[in-house]
Amino acid sequence: MLDKAFDPATLEARLYAASEASGAFHADPSRAAAPYTIVIPPPNVTGSLHIGHALNNTLQDVLVRFRRMQGRDALWMPGTDHAGIATQMVVERLLATEGKKRQEMGREAFLERVWQWKGESGGTITRQLRRLGASLDWERERFTMDEGLSAAVLEVFVRLHKEGLIYRDTRLVNWDPVFQSAISDLEVESREVKGNLWTLRYPVEGQPGRFIRVATTRPETMLGDTAVAVHPEDARFADLVGKHAILPLTGRRIPIVADSYSDPEKGTGAVKITPAHDFNDYEVGRRHDLPMPSVLDAEARVMLSEIEAELAAVEGVADPGFVRSLAGMDRFAARKAILAELERLELLEATEPHTHQVPHGDRSGVPIEPRLTLQWYCDAATLAKPAIAAVEDGRTQFVPRQYENLFFAWMRDIQPWCVSRQLWWGHRIPAWYGPDGQVFVERSEAEALAAAAANYGRAVELTRDPDVLDTWFSSALWPFSTLGWPEQTAELKKHYPTDVLVTGFDIIFFWVARMMMMGLHFMDGEVPFKHVVIHGLVRDARGQKMSKSKGNVLDPLELIDQHGADAVRFTLCALASPGRDVKLDPQRLEGYRAFATKLWNAARFLEMNGVRVDASWRPEQAEGVLARWLLAKADDAARDATAALDAFRFDDYASTLYGFTWNTYCDWFIEFAKPVLNGPDGPEKDEVRGVAQYVLGQVLRLLHPVMPFITAELFEKLGYGEAVALTTAAYPKAEGQGAASAAVDLAIAAITAIRSARSALNVPAAAVLPLRVGQGSAASLQALRDFAPQIMRLARVEAPQFLADAAEGAGPGASAVAVDVPLFLPLSGVVDLAAEAKRLAKDRAKAEAERAKLEAKLANPGFRAKAEEAVIAETEQRLADAAAEVARLDAALTRISS
RNA sequence: GGGCGCUUAGCUCAGAGGUAGAGCGCCUGCUUUACACGCAGGAUGUCGGCGGUUCGACCCCGUCAGCGCCCA
């Protein structure tokens with residue numbers, strides 16, 4: 001016997017553990033079944049499950065469970081990435097509490113410590129994914145730093161280098177002074193900062209008393225200025241172009257150049273150019289062939305080595321002694337000192353408050369310092385071409401489609417990808433340097449030594465590059481490295497290309513783009529995935545982004561504790577409309593938890609009424625109208641649910657099943673079944689019991705992808721089979737059960753019409769009224785006869801009296817209509833006839849308006865001439881119906897007033 | 001400034017060139033022995049504004065407005 005209420009907390013852990021242990025989530029390449037493959041976008045190993053993960057993984061799990069039930073050899077590949085910066089940060093913080101520093105420990109010991117941390121704490125998110133019910137193939141769990149994946153990284157790096165697609169170059173990078181490493185553009189976020197706009201005066205060479213004024217938000221970089229730029233068409237400065245300015249403090253002579261980068265509208269119209277510390281200035285520097293001295297070191301402290309030689313004393317303008325005093329000073333302290341000195345020299349003209357966007361490291365939280373450094377680059381522009389082509393010709397499709405534009409925009413303007421990071425935790429770059437600095441990129445130190453020996457004609461000592469690769473470099477290989485590449489495994493053969501990548505739009509550049517580039521390059525031009533399903537961000541009920549500072553964060557694990565994993569999953573699924581953010585209102589969760597309870601109670605009801613699972617019951621044998629009606633509706637639900645999932649419409653999938661389960665199955669079928677179940681034993685009762693258990697079985701299967709726990713529990717408790725068996729039970733298909741019986745729909749219409757009339761007339765709920773049935777088609781009258789017990793029970797009426805002719809039944813009372821049959825509720829004395837008259841008049845007005853509208857439409861010659869035949873016929877039918885409705889209501893009004 | 005998206009019931013959102021929908025909320029009534037996490041009934045929409053195409057526009061086109069996101 002089922003418990004009185006569904007209690008998710010007591011069964012989720014048990015059910016999940018049983019499924020995992022049963023091997024139901026495990027793919028097997030030796031199986032004949034066609035593959036279905038999703039690789040999880042690898043969560044960060046330091047991470048824990050947030051609501052965005054819950055959405056992302058719910059959608060993946062729904063797809064995987066659905067396809068698995070359809071008989072596919074489903075593989076959902078689990079794992080995490082090593083998150084270079086984040087992990088290093090976590091462990092360094094841990095060390096700090098012990099009073100230790102990474103630099104003191106040395107690289108080896110530090111890495112050992114990171115692995116130790118990973119062993120102890122790196123499994124958080126994978127444990128949490130189990131609570132969500134995610135049916136990942138845990139036996140295959142991978143980690144980007146594990147042996148196999150590291151081999152893949154090595155192979156890719158070496159091959160790309162030999163192909164000339166990886167090279168070293170000195171370029172401007174986003175430098176994070178906290179981590180002292182290059183970071184990706186994508187790890188930089190712009191933050192609004194209240195600062196100042198300072199106007200500086202640079203003396204013009206050879207024109208005493210004349211200055212060119214430049215506005216800047218970063219005065220400390222002026223030490224590295226190598227030009228002043230003005231707009232070529234700016235008349236104010238036309239005579240200065242080609243002349244020089246004397247850079248204050250350093251005394252350096254710098255050219256005044258014409259470049260359209262300078263905006264005449266902004267600031268003073270002249271802009272200082274510091275090529276080594278600003279991306280725009282860097283481009284200007286390249287255009288004008290300017291020197292690019294760096295003036296800030298790895299920690300963003302003032303560094304003079306590249307400008308020291310040119311320091312010159314200029315009376316009232318530059319003092320080398322002052323500049324030297326800045327050496328080693330932090331950039332913000334240097335800013336203050338420089339401003340003070342400029343002020344003293346009367347070269348600081350104005351200070352205005354100014355709010356502007358400043359790039360910050362998303363993890364360190366400090367302003368990024370663009371720095372000119374020697375790094376390893378990957379030729380992304382070349383690799384991007386096949387990726388763009390694959391999306392253009394539809395080998396990979398985005399869902400929703402419009403995200404392809406975002407992908408194209410980024411890929412067509414892609415910059416060289418800086419892949420080196422000045423960290424310890426990560427894949428160490430397989431590059432060794434000879435005594436003269438020549439580089440040898442090989443798969444191992446031995447190979448590098450051999451290559452060096454061949455090159456120099458003798459054995460030499462090599463030094464290995466200390467840097468590691470960007471974490472995304474290894475993530476980019478994830479769709480094939482996890483399948484065993486570079487080994488040609490059975491898994492790789494069967495499961496690549498994968499079917500779908502499910503991710504948020506914010507991650508298109510991180511994962512999608514890079515996986516596409518690497519997949520196409522290394523897998524013989526085969527795309528890594530056929531579909532990219534993009535979902536929105538999870539926001540709070542008011543549409544605000546969740547953030548710790550706002551305190552509006554919803555923790556999925558708490559939600560699971562409160563409502564059950566099924567309700568959380570169903571909610572996320574129902575709200576996942578394509579291209580929209582998910583506004584998660586706790587009220588919605590309550591609503592879908594109620595849905596789970598509803599399903600539970602329906603099952604309980606059947607159990608209490610002697611409905612038992614009968615695997616031999618065949619739907620084709622059902623003859624009764626009610627059974628056939630339910631089977632046809634179940635067919636529709638199966639077809640619609642499947643179509644929705646085929647199209648990645650998770651919202652439609654959820655609402656189809658919500659409606660079918662609650663409205664069709666519980667509200668109508670079960671209510672119609674009650675008189676039969678309470679009645680005498682016999683073939684009719686057997687059939688109702690049979691169809692009840694059969695369709696409930698279908699419902700459990702249909703819902704299982706989104707509500708794996710409650711469905712498995714009911715599957716087992718009711719006797720359909722072991723809980724774990726539902727994981728691989730066949731997903732229902734539309735079976736061709738035909739159209740739903742009109743007889744049931746007519747009975748439903750009759751009940752609804754009578755209920756509506758009763759309610760409008762304030763008939764006491766408990767009152768049982770007489771019911772007279774007027775003239776109608778033979779089929780309709782038969783339907784009302786067949787379902788008389790249901791109508792009596794659900795509409796609270798006496799056994800219907802079928803009237804012999806239209807004249808009968810006249811007399812005061814309420815009236816209603818079910819399709820083509822008038823229904824009379826003689827209510828003289830019981831009911832407020834004036835209220836009934838009012839109700840009828842209102843309905844009549846509505847019907848008359850409809851009639852008039854249709855008549856006008858048909859009277860339009862253009863409509864007659866140009867509309868499709870079928871549309872005209874339909875409109876005529878509707879007009880006839882409306883006219884009949886008006887006539888019926890007129891008759892009812894007449895009866896009442898007589 | 002450039003690009004993309006959105007605007008439909010009180011809220012959150014579906015929606016097809018030909019009859020505007022759902023869930024929640026709201027109002028009313030109900031211990032109808034599965035379920036009050038329930039049952040039944042009900043109200044609410046110039047489908048953002050304007051113009052165009054069409055026999056017919058919520059839908060297609062143009063334009064304006066407001067909101068959001070991305071990039072600069």
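Basis for what follows: all heavy atoms, side chains included, without hydrogens, waters or symmetry-related copies. A note on names: the letters A, B, ... follow the listed sequences, proteins ahead of strands, and every chain is numbered from 1.
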Inset, instruction - Looking at every strand, decide which applies to I670(A) at a 4.0 Å heavy-atom threshold: base, sugar-phosphate, or nothing. - result: base
Inset, instruction - Using a 4.0 Å heavy-atom cut-off across all strands, classify S756(A) as base, sugar-phosphate, or nothing. - result: sugar-phosphate
Legend entry - Span that lies between the C1' atom of G49(B) and that of A57(B), in whole angstrom: 16 Å
Inset, instruction - Tell me which of N860(A) and K4(A) sits closer to the 5' end of RNA chain B, going by the nucleotide each one is nearest to. - result: K4(A)
Legend entry - Watson-Crick or G-U wobble partner of C30(B), both distances under 3.5 Å: G38(B)
Legend entry - Sugar-phosphate, base or nothing in reach of T875(A), heavy atoms under 4.0 Å: nothing
Inset, instruction - Give one of base, sugar-phosphate or nothing for D667(A), where a contact means two heavy atoms less than 4.0 Å apart. - result: sugar-phosphate
Inset, instruction - Check the side chains of Y653(A) and R649(A) for a donor-acceptor pair under 3.5 angstrom, ignoring hydrogens and angles. - result: no
Inset, instruction - Mind checking R649(A) for me? I need base, sugar-phosphate or nothing, with any heavy atom below 4.0 Å counting as a touch. - result: sugar-phosphate
Inset, instruction - Remember a base hit wins even if backbone is also touched, and classify R758(A) as base, sugar-phosphate or nothing at under 4.0 Å, heavy atoms. - result: nothing
Legend entry - Side chain of S759(A) (C-beta onward), nearest among U32(B), C6(B), G41(B): G41(B)
Inset, instruction - Using the C1' atom as the reference point in each nucleotide, state the distance between C60(B) and G2(B) in Å, no decimals. - result: 26 Å
Legend entry - A9(B): pairing nucleotide in any strand, Watson-Crick or G-U under 3.5 angstrom: none
Inset, instruction - Report which part of the nucleic acid K545(A) touches: base, sugar-phosphate, or nothing (heavy-atom distance under 4.0 Å, all strands). - result: nothing
Inset, instruction - Run the salt-bridge test on K846(A) and D843(A) with the 4.0 Å N-O cut-off and return the result as yes or no. - result: no
Inset, instruction - With the side chain of A765(A) defined as its heavy atoms from C-beta on, choose the nearest nucleotide among U32(B), C69(B), C30(B). - result: C30(B)
Inset, instruction - Can you tell me, in whole Å, how much space there is between the C1' of G21(B) and that of G15(B)? - result: 7 Å
Legend entry - C1' atoms of C67(B) and G52(B), separation to the nearest Å: 26 Å
Inset, instruction - Check every atom of U12(B), A43(B), C69(B) against the side chain of K583(A) and return the nucleotide holding the closest atom. - result: U12(B)
Inset, instruction - Would you classify R864(A) as touching base, sugar-phosphate or nothing, given that sugar-phosphate means primed atoms plus P, OP1 and OP2, and contacts are heavy atoms under 4.0 Å? - result: nothing
Inset, instruction - With heavy atoms under 4.0 Å as the rule, sort D652(A) into base, sugar-phosphate or nothing. - result: sugar-phosphate
Legend entry - Mate of C69(B) where both pairing distances stay under 3.5 Å, Watson-Crick or G-U: G3(B)
Legend entry - Sugar-phosphate, base or nothing in reach of F595(A), heavy atoms under 4.0 Å: nothing
If you look only at distance, which donor and acceptor atoms sit under 3.5 Å apart when one is on a side chain in residues 579-587 of chain A and the other is two or more places apart or in another chain?
residue	atom	partner	partner atom	Å
D581(A)	OD1	L537(A)	N	2.9
D581(A)	OD2	R539(A)	NE	2.5
D581(A)	OD2	R539(A)	NH2	3.1
D585(A)	OD1	Q587(A)	N	3.0

Legend entry - C1'-based separation of A43(B) from U31(B) [nearest Å]: 27 Å
Legend entry - Side-chain (E607(A)) to main-chain (L2(A)) donor-acceptor, under 3.5 angstrom: yes
Legend entry - Q587(A) side chain, from C-beta outward: closest of G25(B), C30(B), G41(B): G25(B)
Legend entry - Nucleotide nearest V871(A) (side chain, heavy atoms from C-beta), chosen from G41(B), G18(B), U7(B): G18(B)
Legend entry - Value in whole Å for how far the C1' atom of U12(B) lies from CG of L589(A): 13 Å
Inset, instruction - Would you mind classifying the nucleic acid contact of R604(A) as base, sugar-phosphate or nothing, using non-hydrogen atoms under 4.0 angstrom? - result: sugar-phosphate
Inset, instruction - Kindly point out which of G23(B), C37(B), C13(B) is positioned nearest to the side chain of R588(A)? - result: G23(B)
Legend entry - U46(B) - base-pair partner by Watson-Crick or wobble geometry, distances under 3.5 Å: none
Legend entry - Euclidean distance, atom CZ of residue R539(A) to atom P of C69(B) [Å, nearest integer]: 6 Å
Inset, instruction - Using atom CG of D413(A) as one end and atom P of G2(B) as the other, report the distance to the nearest whole Å. - result: 17 Å
Inset, instruction - Kindly point out which of C69(B), C35(B), C13(B) is positioned nearest to the side chain of N601(A)? - result: C35(B)
Legend entry - Pairwise C1' distance for C6(B) and C58(B), with rounding to whole Å: 15 Å
Legend entry - Min side-chain heavy-atom separation V188(A)-H360(A) under 4.5 Å: no
Inset, instruction - Ignoring backbone atoms, establish whether K857(A) has a side-chain N or O less than 4.0 Å from OP1 or OP2 of U19(B). - result: no
Inset, instruction - Return the nearest nucleotide to the side chain of T597(A); candidates are U19(B), G23(B), C35(B). - result: C35(B)
Inset, instruction - May I ask you to establish whether R401(A) and F398(A) are in a cation-pi arrangement, using a distance under 6.0 Å from NZ or CZ to the six-membered ring centre and at most 45° from the ring axis? - result: no
Inset, instruction - Take atom P in C11(B) and the same atom in C70(B), then report the distance between them in whole Å. - result: 25 Å
Inset, instruction - Rounded to whole angstrom, note down the P distance from C39(B) over to G25(B). - result: 12 Å
Inset, instruction - Describe the nucleic acid contact of A867(A) in one word from base, sugar-phosphate, nothing, applying a heavy-atom distance below 4.0 Å. - result: base
Inset, instruction - By nearest nucleotide on RNA chain B, pick out whichever of E590(A) and K853(A) is the more 5' one. - result: K853(A)
Legend entry - Candidate nucleotides A20(B), A34(B), A14(B), ranked by approach to the side chain of C666(A) - the nearest: A34(B)
Legend entry - Check: R844(A) and L840(A) side chains under 4.5 Å, non-hydrogen atoms: no
Legend entry - Base C35(B) paired with K598(A) side chain (donor-acceptor, <3.5 Å): yes
Legend entry - Sugar-phosphate, base or nothing in reach of K846(A), heavy atoms under 4.0 Å: nothing
Legend entry - Ring-ring centroid check W417(A) W472(A), cutoff 6.0 Å: no
Legend entry - Watson-Crick or G-U wobble partner of U54(B), both distances under 3.5 Å: none
Inset, instruction - Tell me the partner of G25(B), counting only Watson-Crick (N1-N3 plus N6-O4 or O6-N4) or G-U wobble (N1-O2 and O6-N3) with both under 3.5 Å; none if nothing fits. - result: none
Inset, instruction - Side-chain contact test, heavy atoms from C-beta onward, threshold under 4.5 Å: evaluate it for S260(A) versus H231(A) and give yes or no. - result: yes
Inset, instruction - Please tell me which of the listed nucleotides, G41(B), U12(B), A43(B), lies nearest to the side chain of R755(A)? - result: G41(B)
Inset, instruction - For E607(A), answer base if it contacts any base atom (sugar-phosphate contacts may also be present), sugar-phosphate if it contacts only those atoms, and nothing otherwise; contact means non-hydrogen atoms under 4.0 Å. - result: nothing
